[in-house]
Amino acid sequence: MVHHESFQTVTGSINWDDPMYKLYEKAKKIGKWNPADIDFSQDVKDFQSLRDEERISALPLISAFSAGEEAVTLDILPMMHAMANQGRLEDTMYLTTFVHEEAKHTEMFSRWQEAVGIAHMDLSVFHTDSYKRIFYEALPESMNRLLTDDSPEAVIRAATVYNMVVEGILAESGYNAFREIFKKAGFFPGLLEGIDYLNMDEGRHIQFGIYTIQRLVAGNDEHYKIFNDYIDELWVHAKDFVNYLTQLSEQQEKLITYESKINIDPTLLKQFAERQYKIRKSKIDRVRKYDSVEELEKATQ
Ligand code: DAO
Ligand code: FE2
Ligand code: MN
């Protein structure tokens, strides 16, 4: 679109019942938190109380999240560009909150690293080839394609890597890991408070992705195949990274001979990620036989 032909709010109004508009309303109401207000003073004491090998157990996850949040902050704009270009006003309005939230997530991890004194460390050693395939390559490739191509295929692929794999599988599994490791052990209350906020924001982001893919896949087998093939391709790398984190924690456990509060059942991580993968697939699969998302909603009411 080069010129506007009309304006929705002049010829009619915002569609207040649009799912994207509802997400926008939710974000305005419940997305009000400020990373700068989180108190990390107990986290600093906790970090200092840990032995070196215990401290190291926090780093791979922190490293994956810091880069992950930075990547999604930098790579979201083409989606907004594509939705705006298509005249999808409610989607575009919702995405204004999305962009702001990813920036806050990036800020939160950076503040925590600064507070506990590890901001100077290069944590990229924890980025395996599989992590790089997703965050360094597939994510920016699929998102930036939207700048010149907003076809259904391009939108499906972008939402699949961003909302289904990075957010729906990896970030959700990561929140779970933070809670399993540190909440159970009673460490890092500030970081965990931040994780709870992030998790709420992320729920809306994933909803955006599910709805975006569902409306393009409804009644369209070719579009479904694009989603299904791409999520399966990326799952190989996501699974590989989860396995790497699991192996690290198994090695860690062998190293620590004293009684440590920091531990996690490694199989839990893998099982959680696998479950997320299956949930994402089934959410999209269920809309195939309907001609539209609205029809699915009517049928399941
Ligand atoms: O905030 O939208 C987002 C996505 C952040 C991605 C963070 C990925 C973290 C990977 C953790 C792996 C856990 C098993
Ligand atoms: Fe985020
Ligand atoms: Mn997100």
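One-based numbering, in listed order, for ligands and for the atoms of each. Index from 1, following the sequence.
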Hey, quick one: are Val99 and Phe208 part of the same hydrophobic cluster, counting side-chain heavy atoms closer than 4.5 Å, chains of contacts allowed?
yes
Same apolar cluster: Tyr197 and Tyr24, side chain cutoff 4.5 Å:
yes
Could you say whether the N/O atoms of Glu102 and ligand 1 ever approach to under 3.5 Å?
yes
Got a sec: is His105 within less than 2.8 Å of the Fe ion (ligand 2) via an N/O/S atom?
yes
His205: which N/O/S atom is nearest the Mn ion (ligand 3)?
ND1
Which ligand 1 atoms does Leu245 reach within 4.0 Å, using its non-hydrogen atoms?
12 (C), 13 (C), 14 (C)
Do Glu69 and ligand 1 have an N or O pair less than 3.5 Å apart?
yes
Under 6.0 Å between the ring centres of Phe126 and Tyr131?
no
Glu102 atom (N/O/S) at minimal separation from the Mn ion (ligand 3):
OE2
With rounding to the nearest 0.5 Å, note down the distance linking CZ in Phe98 to OG1 in Thr73.
9.5 Å
Hey, is ligand 1 close enough to Glu202 that some N/O pair sits below 3.5 Å?
yes
Tell me the protein heavy atom at minimum distance from atom 10 (C) of ligand 1, and give that distance in Å.
Ala64 CB, 3.8 Å
Top protein contact for atom 11 (C) of ligand 1, by heavy-atom distance
Leu170 O, 3.8 Å
Closer than 4.0 Å to some heavy atom of Gly174 - which atoms of ligand 1 meet that?
13 (C)
Under a 4.5 Å side-chain heavy-atom rule over Ile, Leu, Val, Met, Phe, Trp and Tyr, are Val165 and Leu74 clustered together?
no
How far does CD of Gln276 sit from CH2 of Trp235, to the nearest 0.5 angstrom?
9.5 Å
Candidate pair Thr160 and Ile226, rule side chain to side chain contact (heavy atoms under 4.5 Å, CB included), full reasoning
CA-CA 9 Å; Thr160 300; Ile226 292 166; over 6 Å; no
Write the atom name of the N, O or S atom in Glu102 that is nearest the Fe ion (ligand 2).
OE1
In terms of residue, atom name and distance, what is the protein heavy atom nearest to atom 4 (C) of ligand 1?
Val166 CG1, 3.7 Å
Is there a nitrogen or oxygen of Glu167 sitting under 3.5 Å from a nitrogen or oxygen of ligand 1?
yes
Assess the pair Phe241 and His127: is the distance between their ring centroids shorter than 6.0 Å?
no
Check the side chains of His223 and Glu153 for a donor-acceptor pair under 3.5 angstrom, ignoring hydrogens and angles.
no
Which residue supplies the protein heavy atom nearest to atom 8 (C) of ligand 1, what is that atom called, and how far is it?
Phe135 CZ, 3.7 Å
Do the two ring centres, one from Tyr175 and one from Phe178, sit under 6.0 Å apart?
no
Can you confirm whether more than 12 heavy atoms, excluding those of Lys26, are under 6.0 Å from its NZ atom?
no
Looking only at N, O or S atoms in Glu167, which is nearest to the Mn ion (ligand 3)?
OE2
Looking at Glu202, the N, O or S atom sitting nearest the Mn ion (ligand 3) is OE2
Can you tell me which N/O/S atom of Glu69 has the shortest distance to the Fe ion (ligand 2)?
OE1
